[in-house]
Undergrad: 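I have a structure here, written as structure tokens, and I will follow up with some questions on it.
Residue numbers start from 1 in every chain, and the chains themselves are labelled A, B, ... in the order their sequence lines are given, proteins ahead of strands.
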Amino acid sequence: MTRHLITSALPYINGIKHLGNLVGSQLPADLFARYLRARGHEVLFLCATDEHGTPAELAAAKAGLPVAEYCAQLHEQQAEIAAGFGLSFDHFGRSSSAQNHRLTQHFAGALADAGLIEEVTQRQVYSVADARFLPDRYIEGTCPNCGYDSARGDQCDNCTKQLDPTDLIEPRSTISGSTELETRETKHLFLRQSRMKDDLDSWIRGKEDWPVLTTSIAKKWLHDGDGLQDRGITRDLDWGVPVRKGDAPWPGMEGKVFYVWFDAPIEYIAAAQEWVDAGKGSDWESWWRTDRGADDVRYTQFMGKDNVPFHTLSFPATIMGSGEPWKLVDYIKSFNYLNYDGGQFSTSRGRGVFQDQALSLLPADYWRWWLLSHAPETSDAEFTWENFQASVNKDLADVLGNFVSRITKFCRSKFGETVPEAGAYGPAEEALIADLTERVARYEAQMDAIEVRKSAQELRAIWAAGNEYLQAQAPWTTFKTDPDRAAAQVRLALNLIPLYAVLSAPFVPEAARTMLEAMGAPDAGWPGNVKTTLGQLPPGHAFTVPEVLFAKITDEQREDWETRFAGTRD
RNA sequence: GGCGUGGUAGCUCAGUCGGUUAGAGCGAACGACUCAUAAUCGUUAGGUCGGUGGUUCAAGUCCACCUCACGCCA
């Protein structure tokens, strides 16, 4: 039994996320967490909302709410949706928590003591009307290159020329539209990542078993151009963790906050503190401090590829640079993007399915199965309604759902709703047990390796094995000449249901529960021995025929959804 | 423009350290069965492995160049 710490990338607070965000981090993390728990490991699975930064402030202003209140509301919404998808977080925290404030300030202090913080004075655009400094992309004006009138301060969307905000003709604030802009000096803290380049490099080089996607992105940032750059970790904002050097004020940094990318990963640790403070756990340090037992912990992170640089470089730089015995990540599972029907998901264009909409259409298990069995592991993947309908109907309704249906109904009509007791197992039964034993071992190996799609494939094959057995043995035929033999066949097939339930639970937890309940079977835990598990429902055991596990998606539904979520075309 | 990741049967994807006839699921065709959500099971389907050139006894699998897609950066 190992102790497993699992974190999923933190979803940003400003609105409901689309399906790509789900499959890129939280869902596979949940799959892994559920699997490891089922196998008897001790698991701490943490996630949180990432709440700081300019976009949160702007979204709050747009909603007409104080930012703290806005974040509190959106956090509740996201927590509700996460629960709707069955995400089994041990704690779903908030990067704005008091715990994270303290911890972020502590790390900054430790890094400063280690000589890894530099104070840099910069010139930045300040909007008098908005009373704030403006990030480059919140400044618009006329492009000096092509004359496009809505060029952003960092780049012109029309001619793609890279710009500096001061290049723009008639610059204005995109927040207020004000042209009353001026350049002011401001001081910021920089994390001297460049000093840690060699340490990070050798650390990454040792991770040969990590997905190439993970290591290639990290190596690129380490070696591209001038190598790893120092990074500003503070901003001129109101909403965030106030800059302090541990418990002490930081002279010259009054009124500033830490940059969201500095405090967000630290929330992984703070979330464990929140977990304890919420009364759900007792010892967060044993998960995070190597001097308090975390050396025994295996820590796995899940994230989309856009988050990889921060998890392979910035956050490790924070951890290593602190000089304190914090736990470093052991394995980073990263994912590519999920596209929507030939393009990207787009919030502004209303393209694609968002998480709350998805749950209003179909139960979570449908989404979990499709998303996980099509997880973008090796390259970007694509969601189409046609593919979704075909996969879900075939895999869930036809292969798994119908298996449960056909055998329970057949038993009911011939033997009643009780596991029949006559007959004995023969060579065909032994062969099925041997086959399943092998397949379960392969399934476990894929799950251990977090090979999500391959795990789904193997699980599907396990379901199909039940249908193959029934088809070959044909108890409906056997029954006519040798009812005892048919009874034994039915007994074995019925026993497959609780086995399937336990094996499938990480993917489709709701259906798994329904299957166990219908069979009147307790969750007997992971099958250590397939043969033993298949004796779980003894002769005479009563069961009920469950409702249809998965209703099929009709062509009408698919067509309706296709048009509903198409959004406005480009 | 530089870098990264991909481009394998109609579709979605596997292919470990290069090695006999390139695999799976779906779809399709045909057949079997009729217990079941018209579900299931079996068989078949012959894709110049994006293109060109090269290394090698041998390349989808290594190298170079080209091309397309996506992403990152400048």
Undergrad: Under 4.0 Å between any heavy atoms, over every strand shown, what does A:N402 touch: base, sugar-phosphate, or nothing? Just pick one.
TA: base

Undergrad: So which one's nearest nucleotide on RNA chain B is more toward 5', A:N387 or A:K480?
TA: A:N387

Undergrad: For B:C35, is there a stacking contact with A:W476, counting only centres under 5.5 Å and planes under 30°?
TA: yes

Undergrad: Taking A:Y500 for its side chain and A:I462 for its backbone only, find out whether a donor-acceptor pair lies under 3.5 Å.
TA: yes

Undergrad: Please name all residues satisfying side chain to side chain donor-acceptor pair (under 3.5 Å) with A:N336, sequence neighbours left out, ordered by chain then number.
TA: A:K305

Undergrad: Who passes side chain to side chain donor-acceptor pair (under 3.5 Å) against A:R192, sequence neighbours left out?
TA: none

Undergrad: Classify the nucleic acid contact of A:L549 as base, sugar-phosphate or nothing, counting any heavy atom under 4.0 Å across all strands shown.
TA: base

Undergrad: Among residues two or more places apart or on two chains, list those pairs meeting ring-ring contact (aromatic ring centres under 6.0 Å, His included) that have a residue in residues 410-444 of chain A.
TA: A:F415-A:F479

Undergrad: By nearest atom, which of the nucleotides B:U37, B:G71, B:U40 is closest to the A:N467 side chain?
TA: B:U40

Undergrad: With sequence neighbours left out, what residues match A:A381 under side chain to side chain contact (heavy atoms under 4.5 Å, CB included)?
TA: A:L338, A:P376

Undergrad: Tell me, which stems hold RNA chain B, with a stem being 3 or more Watson-Crick or G-U pairs in a row and both distances under 3.5 Å?
TA: B:1-7 with B:67-73, B:10-13 with B:23-26, B:28-32 with B:40-44, B:50-54 with B:62-66

Undergrad: Could you label the plane-to-plane angle of the A:F388 and A:F383 rings as parallel, tilted or perpendicular, counting under 30° as parallel and over 60° as perpendicular?
TA: tilted

Undergrad: Run the side chain to side chain donor-acceptor pair (under 3.5 Å) test against A:Q389 and tell me which residues pass, sequence neighbours left out.
TA: A:D555, A:R558

Undergrad: Would you indicate what A:A397 reaches in the nucleic acid, counting non-hydrogen atoms under 4.0 angstrom: base, sugar-phosphate, or nothing?
TA: base

Undergrad: Run the salt bridge (charged side-chain N to carboxylate O under 4.0 Å, His left out) test against A:D398 and tell me which residues pass, sequence neighbours left out.
TA: A:K552

Undergrad: Just call it for A:F550: base, sugar-phosphate, or nothing, with non-hydrogen atoms closer than 4.0 Å on any strand.
TA: base

Undergrad: In residues 435-456 of chain A, what residues come within less than 4.0 Å of RNA chain B, judged by heavy atoms?
TA: A:R453, A:K454

Undergrad: Under the salt bridge (Lys or Arg N to Asp or Glu O under 4.0 Å) definition, can you give me all pairs with a residue in residues 460-471 of chain A, not counting sequence neighbours?
TA: A:D395-A:R460

Undergrad: Heavy-atom nearest nucleotide on RNA chain B for A:H374 versus A:T477: which residue maps closer to 5'?
TA: A:H374

Undergrad: Apply side chain to side chain donor-acceptor pair (under 3.5 Å) to A:T186 and list each qualifying residue two or more places apart in sequence or on a separate chain.
TA: A:D236, A:K256

Undergrad: At a cut-off of 3.5 Å, list every protein nitrogen or oxygen paired with a nitrogen or oxygen from nucleotides 24-27 of chain B, distance to 0.1 Å.
TA:
{"unit_1": "B:G25", "atom_1": "O3'", "unit_2": "A:R460", "atom_2": "NH2", "d": "3.0"}
{"unit_1": "B:C26", "atom_1": "OP1", "unit_2": "A:R460", "atom_2": "NH2", "d": "3.4"}

Undergrad: Return the set of residues passing side chain to side chain contact (heavy atoms under 4.5 Å, CB included) with A:I169 (not counting sequence neighbours), or none when no residue passes.
TA: A:T142, A:P144

